[in-house]
Amino acid sequence: QVQLVESGGGLVQAGGSTRLSCAASGRTGRFVKMAWFRQAPGKERELVASIRWSGGTTDYADSVKGRFTISRDTAKNTVYLQMNSLQSEDTAVYYCAADLLGDGKIDYGYWGQGTQVTVSS
């Protein structure tokens, strides 16, 4: 069992910044990668950014590249999403997810509860 708890977000002015955190606890074992997804009203969930636990290789959606930065703290089993130059289009519920080694799941098998990020114009 793995639990993911997100924090951060809230109401942010356009052009502003915020940082999301996601702390993992429980029987985490070894992470393969962690990621942030988001789901905007009326849209499907999309991958925003991912990071491999070993080596820290990152990947970003084109829409956030250059504005968002994903990072991890291996000692804390925590992943962060620094969001800069926020736009109204970034308004969504943001979810963190974890892919664990040897958990019998093909991809992300553990999810946080989500945290709302609202960007005002």
Side-chain angles (χ1 to χ4, degrees):
Q1 294 181 315
V2 175
Q3 297 82 44
L4 304 177
V5 179
E6 297 119 329
S7 61
L11 180 63
V12 187
Q13 294 295 121
S17 300
T18 193
R19 189 178 76 158
L20 307 182
S21 299
C22 177
S25 62
R27 296 174 59 189
T28 57
R30 295 178 178 175
F31 292 108
V32 176
K33 56 185 178 180
M34 293 186 72
W36 289 95
F37 291 76
R38 69 185 181 187
Q39 187 166 25
K43 297 184 178 180
E44 65 182 12
R45 184 175 294 181
E46 64 175 342
L47 177 65
V48 177
S50 65
I51 185 167
R52 291 195 171 274
W53 217 248
S54 179
T57 301
T58 59
D59 193 26
Y60 297 92
D62 288 341
S63 60
V64 307
K65 195 171 298 182
R67 300 188 297 118
F68 291 9
T69 302
I70 188 171
S71 61
R72 83 246 192 266
D73 185 330
T74 57
K76 296 180 179 180
N77 278 348
T78 299
V79 65
Y80 305 93
L81 185 67
Q82 178 66 46
M83 302 189 289
N84 299 326
S85 302
L86 284 162
Q87 306 165 1
S88 60
E89 293 79 10
D90 297 316
T91 295
V93 177
Y94 285 73
Y95 301 87
C96 68
D99 180 10
L100 270 63
L101 181 66
D103 65 357
K105 303 177 185 297
I106 300 299
D107 212 338
Y108 298 100
Y110 301 92
W111 296 80
Q113 80 284 357
T115 185
Q116 176 72 44
V117 174
T118 301
V119 183
S120 61
S121 301

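Residues take their numbers from the sequence shown, with the count starting at 1. This structure is a prediction, so every number in the text was calculated from the model and none was measured.
Under the 4.5 Å side-chain heavy-atom criterion for grouping Ile, Leu, Val, Met, Phe, Trp and Tyr, Val64 is connected to Ile51 within one hydrophobic cluster. Both Tyr108 and Val93 are assigned to one and the same hydrophobic cluster, defined by single-linkage of ILVMFWY side chains at heavy-atom distances under 4.5 Å.
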Quiz prompt | Steps toward side-chain contact (heavy atoms from CB on, under 4.5 Å) verdict (Ser63, Arg38) | solution = CA-CA 12 Å; Ser63 60; Arg38 69 185 181 187; 3.4 Å; yes
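Here the side chains of Arg30 and Trp53 are not in contact, with every heavy-atom distance at 4.5 Å or above. Proximity of Met83 to Tyr94: side-chain heavy atoms (C-beta onward) are separated by under 4.5 Å at one or more points. Put simply, the side chain of Thr18 reaches to within 4.5 Å of the side chain of Leu86, judged on heavy atoms. Using a 4.5 Å heavy-atom cutoff, the side chains of Lys105 and Tyr110 are in contact.
Side-chain atoms of Thr91 come within 3.5 Å of backbone N or O of Val119 as a donor-acceptor pair. Of the possible donor and acceptor atoms, none in the side chain of Glu6 sits under 3.5 Å from a partner among the backbone N and O of Leu20. Under a 3.5 Å cut-off, the side chain of Arg45 and the backbone N or O of Phe37 do not form any donor-acceptor pair. No donor-acceptor pair under 3.5 Å is formed between the side chain of Thr69 and the backbone N or O of Gln82.
Within the structure, the salt bridge (charged side-chain N to carboxylate O under 4.0 Å, His left out) test picks out the following pairs touching residues 107-121 (sequence neighbours left out): Lys33-Asp107.
For the side-chain contact (heavy atoms from CB on, under 4.5 Å) criterion with Met34, the lone passing option out of Leu100, Val79, Asn77 is Val79.
Minimum interatomic distance between Ala14 and Ser121 (heavy atoms only, all atoms of both residues): CB-CA, 4.3 Å. Across all non-hydrogen atoms, the minimal contact from Ala35 to Leu47 is CB-CD1, 3.7 Å. Heavy-atom minimum distance, Ser85 versus Ser17: N-OG, 4.2 Å. Considering every non-hydrogen atom in both Ala98 and Phe31, the closest pair reads CB-CE2, 3.8 Å.
Looking at residues two or more places apart in sequence or on another chain, you find a side-chain contact (heavy atoms from CB on, under 4.5 Å) between Ser120 and Leu11, Gln13.
Taken to the nearest 0.5 Å, the CG atom of Asp90 stands 11.0 Å off from the OG1 atom of Thr118. One finds the OG1 atom of Thr78 at 12.0 Å from the CZ atom of Arg72 (value rounded to the nearest 0.5 Å). A distance of 7.5 Å separates CH2 in Trp36 from OG1 in Thr115, rounded to the nearest 0.5 Å. The NZ atom of Lys76 sits 14.0 Å away from the SG atom of Cys22 when rounded to the nearest 0.5 Å.
Surrounding CZ of Arg52 are at most 12 heavy atoms belonging to other residues, nucleotides or ligands under 6.0 Å away.
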